[in-house]
Amino acid sequence: MFSAGLSDLRHMRMTRSVDNVQFLPFLTTEVNNLGWLSYGALKGDGILIVVNAVGAALQTLYILAYLHYCPRKRVVLLQTATLLGVLLLGYGYFWLLVPDPEGRLQQLGLFCSVFTISMYLSPLADLAKVIQTKSTQCLSYPLTIATLLTSASWCLYGFQLRDPYIMVSNFPGIVTSFIRFWLFWKYPQEQDRNYRLLQT
């Protein structure tokens with residue numbers, strides 16, 4: 001799923017712009033990765049640690065590329081600083097104010113679950129725009145496919161571990177992916193020739 005942003009990275013490099021590339025998904029996925037990385041470290045789950053460390057590294061690359069090509073850096077830097085501030089406050093709370101490791105694990109799992117669910121639901125904010133404009137240009141098809149496959153995999157992994165935080169938090173990703181597939185079917189993308197060449 002994290003490598004789905006490589007098509008956006010290629011688009012930014014080829015066009016030297018951030019047109020039709022959304023920044024907030026990179027930023028929220030970075031925060032999400034760092035949260036689950038902490039949860040995996042606290043739980044001692046090597047799979048969560050490795051996957052989310054790779055994801056955090058890729059998201060950092062996408063964020064840096066976006067900052068490089070974005071003409072209005074102030075807004076992007078403000079959004080980044082705000083979310084990183086929230087993340088630091090969260091870390092301070094979990095590591096300083098919750099001394100019990102089991103309680104910390106439960107609260108961190110709940111925080112990560114809520115954040116992941118809100119991240120999966122955030123593309124639905126574009127639903128009104130897609131229906132109004134009858135265009136899915138603001139949605140990423142590769143990311144939708146990756147979200148469906150990733151959400152289903154993590155749901156199965158959470159079910160196998162009997163970890164409700166992993167299982168429940170990824171279920172909305174399956175639902176929102178099918179909604180986005182329906183939107184792609186109803187309003188097919190009309191991409192320009194240059195962008196089609198980028199994808200091949």
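Atom CZ in Phe178 sits 13.5 Å away from atom CG in Leu183 (nearest 0.5 Å). In this structure, Tyr69 OH and Met12 CE are separated by 8.0 Å, a value rounded to the nearest 0.5 Å. Between Cys155 atom SG and Gln160 atom CD the span is 13.0 Å, to the nearest 0.5 Å. In this structure, the separation between CZ on Arg16 and NE2 on His68 is 5.5 Å, given to the nearest 0.5 Å. Taken from CG in Asn52 to OG1 in Thr29, the straight-line distance is 10.5 Å, to the nearest 0.5 Å. Put simply, CD1 on Ile49 and NZ on Lys43 are 11.5 Å apart, with the number rounded to the nearest 0.5 Å.
For Ser177 against Leu148, the heavy-atom pair with the smallest separation is OG-N, 3.3 Å. Looking at every heavy atom in both residues, Ser113 comes nearest to Ser169 through CA-CB, 3.6 Å. Taking both residues in full, the closest heavy atoms of Thr176 and Gly173 are given as OG1-O, 3.3 Å, listed atom of the first, atom of the second, then distance. Here the closest non-hydrogen pair linking Ala65 and Leu9 is CB-CD1, 3.3 Å.
Ile47 is connected to Leu42 through a chain of hydrophobic side-chain contacts under 4.5 Å among Ile, Leu, Val, Met, Phe, Trp and Tyr, so both are in one cluster. Put simply, Leu97 and Leu105 are part of the same group of oily side chains (I, L, V, M, F, W, Y) that touch within less than 4.5 Å, one to the next. The hydrophobic clustering, which links ILVMFWY residues whose side-chain heavy atoms are closer than 4.5 Å, places Met167 and Val51 apart. In the hydrophobic cluster analysis, where Ile, Leu, Val, Met, Phe, Trp and Tyr join through side-chain heavy atoms closer than 4.5 angstrom, Val75 is grouped apart from Val86. Both Leu67 and Val31 belong to a common hydrophobic cluster when Ile, Leu, Val, Met, Phe, Trp and Tyr are linked at side-chain heavy-atom distances under 4.5 angstrom.
Its side chain outside the 4.5 Å cluster rule for every partner, Leu156 clusters with none of the Ile, Leu, Val, Met, Phe, Trp and Tyr residues.
Inter-residue side-chain proximity for Leu37 and Leu48 is flagged as unmet; no heavy-atom pair is nearer than 4.5 Å. The side-chain heavy atoms of Tyr157 and Asp45, taken from C-beta on, include a pair separated by under 4.5 Å. For the pair Ile166 and Phe159, the minimum side-chain heavy-atom distance is 4.5 Å or more. For the pair Asn170 and Ile174, the minimum side-chain heavy-atom distance is 4.5 Å or more. Annotation: side chain of Tyr91 is not in contact with side chain of Leu108 (no heavy-atom distance under 4.5 Å). Looking only at side-chain heavy atoms (C-beta outward), Phe23 and Val18 stay at 4.5 Å or farther from each other. Taking 4.5 Å as the limit, every side-chain heavy atom of Leu64 sits out of range of all side-chain heavy atoms of Leu61. Side-chain contact between Cys112 and Tyr165 is absent, with no heavy-atom pair separated by less than 4.5 Å.
Within the structure, no pair that satisfies the side-chain hydrogen bond (donor to acceptor under 3.5 Å, both in side chains) test touches residues 70-88, not counting sequence neighbours.
With sequence neighbours excluded, the residues satisfying side chain to side chain donor-acceptor pair (under 3.5 Å) with Asn32 are Trp36, Thr116.
Between Phe181 and Tyr141, the distance separating the two ring centers is shorter than 6.0 angstrom.
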Please report the C-alpha distance between Gln107 and Tyr93 in whole Å, then the side-chain angles of each, then the deciding distance to 0.1 Å, and finally whether the side-chain hydrogen bond (donor to acceptor under 3.5 Å, both in side chains) criterion is met.
CA-CA 10 Å; Gln107 289 189 30; Tyr93 169 76; 2.7 Å; yes

Chi angles and distances behind the side chain to side chain contact (heavy atoms under 4.5 Å, CB included) call for Asp163, Tyr39:
CA-CA 12 Å; Asp163 188 323; Tyr39 180 78; 2.8 Å; yes

